[in-house]
Amino acid sequence: MNHLDEHIAKLDALGIDTAQRTHDEKVDTVMIVDPDNNHLAFAEAHDASVSK
């Protein structure tokens, strides 16, 4: 399990919708929406060139 998966599991346990996810060979992302309708993105890079 990677770090993003751990955070997603915690968000799911809190009842926060984590269905908006993307995955490719360079980065995984999850987008959530807070009660004020702000969009928050969490990402984890798998390719060091993405995180520079």
Visitor: Side chains of Asn2 and His46: closer than 4.5 Å at any heavy-atom pair?
Guide: yes
Visitor: Passes side chain to side chain contact (heavy atoms under 4.5 Å, CB included), His39 versus Met31? Steps please.
Guide: CA-CA 7 Å; His39 295 151; Met31 178 75 72; 3.7 Å; yes
Visitor: Quick one: does Asp28's side chain get under 4.5 Å of Phe42's, heavy atoms only?
Guide: no
Visitor: Assigning hydrophobic clusters by single linkage (Ile, Leu, Val, Met, Phe, Trp, Tyr; side-chain heavy-atom cutoff under 4.5 Å), is Val30 placed with Leu40?
Guide: yes
Visitor: Checking side chain to side chain contact (heavy atoms under 4.5 Å, CB included) against Ile16, which of Leu11, Val33, Asp34 comes through?
Guide: Leu11
Visitor: Hey, is the main chain of Ala19 close enough, under 3.5 Å, to the side chain of Asp17 for a donor-acceptor pair?
Guide: yes
Visitor: Can you find a pair of side-chain heavy atoms, one from Leu4 and one from Ile8, that are under 4.5 Å apart?
Guide: yes
Visitor: Could you check if a side-chain atom of Ile32 sits within less than 4.5 angstrom of a side-chain atom of Thr18, using non-hydrogen atoms only?
Guide: yes
Visitor: Which distance, rounded to the nearest 0.5 Å, do you find between the NE2 of His3 and the CD of Glu44?
Guide: 6.0 Å
